[in-house]
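The structure appears right after this line, and notes come after that.
Hydrogens, waters and symmetry mates play no part in the numbers below; they use all other heavy atoms, side chains included. Naming convention: chains lettered A, B, ... in sequence-line order (proteins, then strands); numbering from 1 in each chain. Note that the structure is predicted; figures quoted are calculated from it, not measured.
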Amino acid sequence: MGFGKHKPKMLLMGLKRSGKSSISNVVFHKMAPHETLFLEATTAIQKQNVMKFMDFQIWDLPGQIDYLSSSLDSNSVFSDVGGIVWVIDAQDNYLEPISRFTSAVVALTELYPSIRYSVFIHKTDSITEDYREDTIRDVMQKISDELFDEGLENPPVSYFPTSIYDHTIFEAFSKVIQGLVPQLPTYETLLDTVAASCRFQKVYIFEVTSKVYIASDTKPSDLSSYELCSDFINAIMDMYGLYSWDRPKTSSISPMDDERHQDVGAQTVEAMVCSARGNTVYLRELNAFLVFIGVSKEPNFQKEKAMVDYNIQMFQNTLLRVLDRG
Amino acid sequence: METSKKVKQQKKKVLLMGKSGAGKSSMRSIIFSNHVAKDVRRLGATIDVDKKRVKFLGNLLLDIWDCGGQDAFTESYLTSQKSYVFGDVGVLIYVFDVESSDFTDGARGHSDRDLQTYGSIIAALDEYSPNARIFTLVHKMDLVANEYRNEVIRSKTAAITARSGRFARRIGTYATSIWDETLYRAWGSIVNSLIPNLDIVEEGLKDLQRVTEAEEVVLFEQNTFLTVTRVSSEIGDENPRGDRYERLSNIIKTFKNSLSGYTESNSSHQFDSFTIKTGIFNLIINRLTYNTYVLVVFPPGEAELQCARLNILSAKDEFARIESVAEGADDDFRNLRGK
């Protein structure tokens with residue numbers, strides 16, 4: 001499963017104190033945003049295996065090292081890289097970060113043309129709303145102007161305003177990772193089918209630890225559905241942790257009960273919340289790392305549950321076959 | 001004949017005091033309104049006394065007096081407004097900011113100003129409401145690094161107790177932060193000490209536990225999601241997560257806020273039911289009465305899940321009856337005493 005010998009790599013780069021380690025801790029290590037204040041400066045390359053189902057690696061590079069200087073073995077760092085996330089602190093003076101970024105893109109595009117770049121215009125929560133749009137637009141404009149001047153007319157660069165204090169960082173990472181998932185179109189088609197047959201408004205496949213979603217149906221994404229589903233997973237996982245302790249086995253189980261006991265024990269996790277206004281959020285575990293989540297406005301969702309179960313079971317079987325094929 | 005099912009409400013005056021900036025208004029808005037920790041950064045200083053009436057469980061009326069902590073106000077509480085502020089108090093909640101440089105016991109020349117102010121407040125309370133209950137919170141614990149936490153809590157608790165005068169043996173001290181479940185543990189205990197007729201409700205929960213063969217049944221207040229009371233089976237009692245009740249309050253309240261953001265509705269009744277089905281347990285949280293939600297944790301299996309759902313539905317009527325009995329009980333009690 002995966003990409004054979006090569007593990008796809010994602011690099012997290014940017015100037016020092018731009019927020020890279022805080023980002024990777026909040027997204028991939030469940031750190032609460034306010035705890036990142038206690039993090040110390042990164043002094044060595046932090047490699048992390050995340051997204052186990054796809055063997056991603058995140059390399060958190062210390063901000064003060066110049067990677068383009070010839071003294072460094074750039075091949076060991078940049079080969080096999082699928083995407084680079086460049087973090088720019090938007091509440092600080094961003095002219096230097098921008099020019100460092102554009103120099104990096106110019107230098108790397110020649111040797112490694114398949115790398116895609118995602119600029120995180122970061123710490124936007126600290127900018128007052130009036131200036132936020134302007135700042136974002138300014139950063140985007142300056143970068144594309146500088147790259148254009150260097151001869152790169154249509155560079156593979158996407159932009160995301162982000163903050164670790166809300167869901168934008170997770171949405172951004174979701175989009176970045178989806179760009180690196182090779183079978184994305186297949187997943188999307190499968191999800192479209194499930195959404196239509198079960199009448200879900202929006203469906204996702206989430207990775208449970210990071211709360212990054214690796215695929216969704218092709219209806220336009222909206223942050224509010226994402227936030228709701230992400231918060232729902234958090235609630236489920238937290239409650240699961242409170243009651244998943246090892247209970248003492250009951251002493252007398254008849255052979256028939258024992259078989260049923262095993263069947264029941266093998267069940268995957270399913271969860272549902274029905275809001276007072278008729279919205280339903282439905283979650284179903286797909287494997288150890290992935291869950292299916294759907295949001296529905298159907299008032300009769302509970303009654304249609306048998307059909308939903310059937311459709312999702314079909315979906316799950318197909319999906320797992322696709323995942324296995326790599 | 002007009003039904004005399006008028007809800008006799010118990011009113012309790014709750015004083016919320018502490019130095020300016022300690023976090024009183026933030027806590028209050030997180031527990032009783034539906035704010036999340038992020039939102040309270042925008043709160044300004046409280047001017048004089050901010051009074052808020054909160055209904056809890058339908059028959060308990062809490063008059064929360066959020067007292068501005070700036071020096072000028074504290075002065076006036078202890079002088080011209082003394083009997084007004086300190087009369088008829090049911091509970092005093094005193095909040096200490098753990099980071100305050102004035103919050104030491106005065107040793108080695110460090111300032112003990114915060115504890116001195118606390119001492120004056122205690123004296124005033126003793127004068128006008130000697131039967132009041134006192135809870136002290138050592139707040140903003142998230143700002144203390146993990147390795148120092150236990151020592152800080154121990155030393156601050158000792159310093160506070162030393163200044164609590166006649167109340168010393170009766171105060172409850174809690175370490176809290178708005179960023180985790182400790183806030184719910186403290187406020188859950190505070191509010192619980194005020195709820196009347198808890199035993200009647202507990203009987204009802206025990207019945208539900210028996211019928212569903214549940215490991216655990218917990219009753220929550222619908223708006224704050226503070227734990228009202230709970231019942232566990234023998235197996236349920238062995239759960240190693242001792243802090244699970246306040247964690248549940250925190251988890252569910254957080255999700256409720258998220259749901260309210262999505263549906264763009266401010267109603268406190270955000271969801272009807274919440275279900276988790278796993279290979280090791282089943283969990284249902286359901287609306288029980290207008291004022292309460294019930295959480296039931298029971299053995300796994302689809303059949304068990306459906307059974308539990310039916311049992312909870314039948315319990316609803318029973319609990320609505322219990323709720324009105326509990327409300328009336330105070331009335332009967334008073335009548336018996338010939339008032």
Task: B/L305 portion near chain A, given a 4.5 angstrom heavy-atom threshold - done: neither

- [ ] Mark yes when over 12 heavy atoms from residues, nucleotides or ligands other than B/E213 sit less than 6.0 Å from its CD; otherwise mark no.
- [x] no

Task: By side-chain hydrogen bond (donor to acceptor under 3.5 Å, both in side chains) - contacts of B/R210 (at least two apart) - done: B/D207

Open item on the list: Can you tell whether the side chains of B/E238 and A/R247 come within less than 4.0 Å, N to carboxylate O?
Closed with: no

Task: Nearest-0.5 Å distance that lies between atom NZ in B/K277 and atom CZ in A/R284 - done: 8.0 Å

Open item on the list: Tell me which of these, B/R241, B/R247, B/R287, has more heavy-atom pairs under 4.5 Å with chain A than the rest.
Closed with: B/R241

- [ ] Just jot down the side-chain hydrogen bond (donor to acceptor under 3.5 Å, both in side chains) partners of B/T227, sequence neighbours excluded, or say none.
- [x] none

Task: Result of checking B/I252, B/I251, B/T254 against A/D238 for side-chain contact (heavy atoms from CB on, under 4.5 Å) - done: B/I251

TODO: Would you check if the side chain of B/N239 reaches a backbone N or O of A/L242 as a donor-acceptor pair within less than 3.5 Å?
DONE: yes

Open item on the list: Within the supplied structure, the quantity of interest is the number of heavy atoms (other residues, nucleotides, ligands) at a distance under 6.0 Å from A/N317 CG; does it exceed 12?
Closed with: yes

TODO: Looking only at non-hydrogen atoms, find the nearest pair between B/L259 and A/S275 and report the distance.
DONE: CD2-CB, 4.1 Å

Task: Crowding at NZ, B/K55 (>12 non-hydrogen neighbours, <6.0 Å) - done: no

Open item on the list: Would you say B/E216 and A/Y243 are linked by a side-chain donor-acceptor pair, where the criterion is simply a distance under 3.5 Å?
Closed with: yes

Open item on the list: Taking side chain as everything from C-beta outward and backbone as N, CA, C, O, which of these in A/V281 sits under 4.5 Å from a heavy atom of chain B? Side chain, backbone, both or neither.
Closed with: neither

Open item on the list: Using heavy-atom distances under 4.5 Å, tell me whether B/L283 contacts chain A through its side chain, its backbone, both, or neither.
Closed with: side chain

TODO: Answer yes or no: does atom CZ of A/R199 have more than 12 heavy-atom neighbours from other residues, nucleotides or ligands under 6.0 Å?
DONE: no

- [ ] Under 4.5 Å heavy-atom distance to chain A, tell me which part of B/L143 shows up: side chain, backbone, both or neither.
- [x] backbone

Open item on the list: If I measure from the heavy atoms of chain B, does A/S225 come under 4.5 Å with its side chain, its backbone, both, or neither?
Closed with: both

Open item on the list: Please confirm whether the ring centroid of B/Y262 lies under 6.0 Å from the ring centroid of A/Y226.
Closed with: no

Open item on the list: One pair to check against side chain to side chain contact (heavy atoms under 4.5 Å, CB included): B/S273 and A/V273. What are the steps and the verdict?
Closed with: CA-CA 6 Å; B/S273 75; A/V273 63; over 6 Å; no

